[in-house]
Amino acid sequence: MKKKMGDTRKRLVGAFIIISLMVFGLIIRIGYLQIIEGQAYKKQALDQWAKDIVVKANRGTIYDRNGKKLATNIKAYTISASPGKIDKPGEISERLAPILEMDESEVYKKITTKGNFIKIKQWVNEETMEKVRAEEIDGIFISEVTKRYYPFGNLASYVLGFTNIDNKGLYGIERNYDKYLIGTQGRLIKNSDAFGRQIPYENEKVFEAEPGANLVLTLDEVVQGFAEDAAEKVLNEYSAKKASVIVMDPNTGDILAMTSKPDYNPNTPREPISEYIKKKWEGLSSDELTKEWNKLWKPFPINDVYEPGSPFKLLTAAIALEENLVKVNTKFQADKGYIKVGNSRPIKCWRYYDPHGEQTVAEGVQNSCNVVLVQIGLKIGQEKMDNYIRAFGFGEKTNIDIIGEELGLVTSAQNMRDIRLANISFGQGIGVTQIQLINSIATLINGGNLMEPRFVKQIIDEEGNALKEFKPKVKRKVLSKDTSDKMRYIMETVVTEGGGKNAYIPGYRVGGKTGTAQKIINGRYSDDKYIMSFVAAAPMDNPQLITLVVVDEPIGDNLFASTVAIPPAKEVLEKSLRYLKIPPSPTDGE
């Protein structure tokens, strides 16, 4: 009996020890979970029943100089899914695909993807949203979002640029000023039960989104429209590769218009805007298509480098006048129709078959005579030519507020042999961008100041209060007022007496210069591919506008800059002068 009692006691003691050890272990484990791992598990629990929803900020509006909206936001909707809550995904994808205009397999793939919340399609319109809502599908959610919208379509697309699906700027002003436009995202933190239903009143927090700042541009929507129409017309008339127009205030550097054709619609930047581009893109691989998109999105006036040709003759004449190497009436002989520099091949005038003969500096520019300009260039010399080329802003960025500006190609003085100097004097052997060229010629007529061209005047808040001002900026003084006065006179005589007569506008004193530059193809000057241009300004007694038209590879017979580039330049200039109510300045004859 005693033995049985002893065995029972041993078993009870053993069981007590085991249970005590288990309880002690459990206490240690609970303590470890609560004290050591408590915060981590608390976070996991919060993640399960708390939802942190990003509230996107409205992107700032972009206005033209007169307050017209060039880029704004519109209401749109995003269709999303919670895959774990969707029964019969095959049936659901079959119902949704035609409404969302998506492939059924693509919808199925998205609604069966692992994850709590999957975006099916973004930026659907209200009509589509209502159709989805009418289906009453569990696990399908509709949220209201804002979409970037450009009310004027492809107007000023190269200036404005566009945004990506998350409303972040990718090109143009949208990219350069993204940090001002994008705003600050908000957050909505709310709790839900195990079934995803919101728990009312419990720990909900709202952090309001702050909208982005607004931009006021120097662009004028009406002048931009004039430029767009003219560029489109000349592009189609001559089946050109590209055509561009820039309109600037020469006194401030303000860009009133800049366009290049063909272009794109920033609302749908990956969709071809013309039948020509549509056919060109057919059958391309995704990589090839991406390259085509990137080429299309780059603005021709600031990204492409080309030889300017005859408009550069204005700068050569200005340098010689500034250095007192010549006067307006200094005479040069051009009776042979060509000139030899060292042992190089003869440099011909375009009218070599009927030489101009003796000419003054003004007449040499009027007649666009290479022979006269080469002689002037040789007088200037390599070092001074190099100094002035750089002073006029070639070989450096103008700091125009669009990304991707090119520097151009400039030969240094030590590498500039006489023949290169001769070629540069009439616009060959130097690579420039259109924005560099128009900005340098603006210097000739505004009193000699090289301005910094700009697109943005102000950054403002929702009430219109200025947060930041951008004032006109003089980069440096290049010419004296006296030289500037003489160049205005010379440019005006090009229209009244020289090759720019087609640019005459009744009631206004107009100055300008044509240009026909051979393109370099495979390292050689082409015999049938040209860039034709015309730069024009008015009124020449007090210039308020300057415009540059460039037509790349026009096709046709008997092509001349006077017939290809002058008409669109004249059209834009005349319409802009009258629209802006710039007072007429009749000539003595008028």
Side-chain angles (χ1 to χ4, degrees), residues 223 226-248 250 256-263 300-301 304-315 350 365-368 370 426-428 432-442 444-445 491-505 508 510-519 526 528-538 545-577:
V223 178
F226 297 154
E228 300 267 353
D229 292 343
E232 188 75 41
K233 182 178 177 181
V234 74
L235 180 84
N236 294 330
E237 185 175 353
Y238 291 97
S239 301
K241 184 178 180 182
K242 294 176 185 175
S244 65
V245 179
I246 304 174
V247 182
M248 175 192 282
L256 277 67
M258 188 184 87
T259 186
S260 181
K261 302 291 182 178
D263 58 0
F300 179 39
D304 282 34
V305 175
Y306 73 110
E307 290 189 345
S310 294
F312 198 88
K313 293 171 182 175
L314 295 171
L315 303 174
W350 66 272
V365 175
Q366 289 169 24
N367 297 322
S368 204
N370 289 351
F426 60 88
Q428 284 189 350
V432 307
T433 63
Q434 293 169 47
I435 193 66
Q436 287 176 334
L437 185 63
I438 192 172
N439 201 42
S440 66
I441 295 177
L444 304 185
I445 61 174
M491 286 179 66
E492 187 174 357
T493 65
V494 172
V495 173
T496 58
E497 303 174 38
K501 291 178 181 177
N502 289 346
Y504 167 70
I505 299 173
Y508 288 94
V510 180
K513 185 72 190 80
T514 55
T516 300
Q518 291 172 285
K519 292 191 70 172
S526 171
D528 59 358
K529 296 185 185 299
Y530 300 92
I531 291 182
M532 294 185 173
S533 60
F534 186 66
V535 61
L545 293 177
I546 182 170
T547 183
L548 174 65
V549 170
V550 175
V551 184
D552 186 8
E553 293 188 23
I555 297 173
D557 297 324
N558 299 318
L559 296 173
F560 299 98
S562 59
T563 56
V564 174
I566 286 182
K570 176 185 175 179
E571 177 184 334
V572 171
L573 194 58
E574 183 171 14
K575 287 181 177 179
S576 300
L577 287 166

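For clarity, every value in this text was computed on a predicted model and none was experimentally measured.
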Q: Are the side chains of Ile445 and Ile441 in touch, meaning some heavy atoms are under 4.5 Å apart?
A: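 A side-chain contact under 4.5 Å is absent here.
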Q: Look at the side chain of Trp350 and the backbone N and O of Asn370, then say whether any donor-acceptor pair between them is shorter than 3.5 Å.
A: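 No, Trp350 side chain to Asn370 backbone: no donor-acceptor pair under 3.5 Å.
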Q: As an exercise, state the distance from CD1 of Ile555 to CG of Asp528, rounded to the nearest 0.5 Å.
A: 9.5 Å
Q: Restricting to non-hydrogen atoms, name the atom on Ala538 and the atom on Val510 that form the minimum distance, rounded to 0.1 Å.
A: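 Heavy atoms of Ala538 and Val510 come nearest at CB-CG2, 4.2 Å.
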Q: Taking the side chain from Lys313 and the backbone from Ser368, do they hold a donor-acceptor pair closer than 3.5 Å?
A: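 Pair found, side chain donor or acceptor close to backbone of Ser368.
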Q: Might you point out which heavy atoms bring Ala442 and Ile546 nearest each other, and give the distance in Å?
A: N-CD1, 3.9 Å
Q: Would you say the side-chain atoms of Lys575 pair up with the backbone N or O of Val223, donor to acceptor, closer than 3.5 Å?
A: no
Q: Hey, does Leu235 have a side-chain heavy atom less than 4.5 Å from the side chain of Pro262?
A: yes
Q: Nearest 0.5 Å, please: how far is CG in Asp229 from NZ in Lys261?
A: 8.0 Å
Q: Write down the atom of Leu548, the atom of Gln434, and the distance for their closest heavy-atom approach.
A: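 So the two residues come closest at CD2-O, 3.6 Å.
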Q: Are any non-hydrogen side-chain atoms of Val550 and Ser244 less than 4.5 angstrom apart?
A: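 The answer is yes; the side chains approach within 4.5 Å.
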Q: With rounding to the nearest 0.5 angstrom, report the NZ to CD1 distance, Lys242 to Ile531.
A: 9.0 Å
Q: Go through it in stages, so that I can follow the logic: the residues are Gln428 and Phe312, the test is side-chain contact (heavy atoms from CB on, under 4.5 Å), and I'd like the CA-CA distance, side-chain angles, deciding distance and then a yes or no.
A: CA-CA 9 Å; Gln428 284 189 350; Phe312 198 88; over 6 Å; no
Q: Could you report the tightest heavy-atom contact between Pro311 and Lys513, atom names first, then the distance?
A: CA-CG, 3.8 Å
Q: Would you say that Tyr238 contacts Leu559 through its side chain, given a criterion of any heavy-atom pair below 4.5 Å between the two side chains?
A: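 Yes. Closest side-chain heavy atoms under 4.5 Å.
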Q: CZ/Phe300 to CG/Asp263 distance, rounded to the nearest 0.5 angstrom?
A: 13.5 Å
Q: With a 3.5 Å distance limit and no angle check, can you tell me whether Asn502 reaches the backbone of Ser562 through a side-chain donor-acceptor pair?
A: yes
Q: Can you confirm whether Leu256 sits close enough to Ser576 that some side-chain heavy atom of one is under 4.5 Å from a side-chain heavy atom of the other?
A: no
Q: Between Asp552 and Lys519, is there a side-chain heavy-atom distance shorter than 4.5 Å?
A: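 In contact.
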Q: Hey, what do you get for OG1 (Thr516) to CE (Met532), rounding to the nearest 0.5 Å?
A: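 One finds 4.5 Å between OG1 of Thr516 and CE of Met532.
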Q: Return the minimal non-hydrogen interatomic distance between Thr259 and Ala227, and the atom names on each side.
A: CG2-O, 3.5 Å
Q: Determine whether Val535 and Leu437 satisfy the following criterion, side-chain contact (heavy atoms from CB on, under 4.5 Å), listing intermediate values before the conclusion.
A: CA-CA 9 Å; Val535 61; Leu437 185 63; over 6 Å; no
Q: Heavy atoms, side chains only, cut-off 4.5 Å: are Glu571 and Lys233 in contact?
A: yes
Q: So does Gly511 get a backbone contact from the side chain of Glu492, meaning a donor-acceptor N/O pair under 3.5 Å?
A: no
Q: Find out whether Tyr508 and Leu573 are in side-chain contact, i.e. whether some heavy atom of one side chain is under 4.5 Å from a heavy atom of the other.
A: no
Q: Search all heavy atoms of Thr514 against all heavy atoms of Gly499 and return the closest pair with its distance.
A: CG2-O, 4.1 Å
Q: Between Thr433 and Val305, is there a donor-acceptor pair closer than 3.5 Å when you use the side chain of the first and the backbone of the second?
A: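 No, because the side chain of Thr433 does not come within donor-acceptor range (under 3.5 Å) of the backbone of Val305.
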Q: Could you grab the distance from atom CE of Met491 to atom OG1 of Thr496, nearest 0.5 Å is fine?
A: 12.0 Å
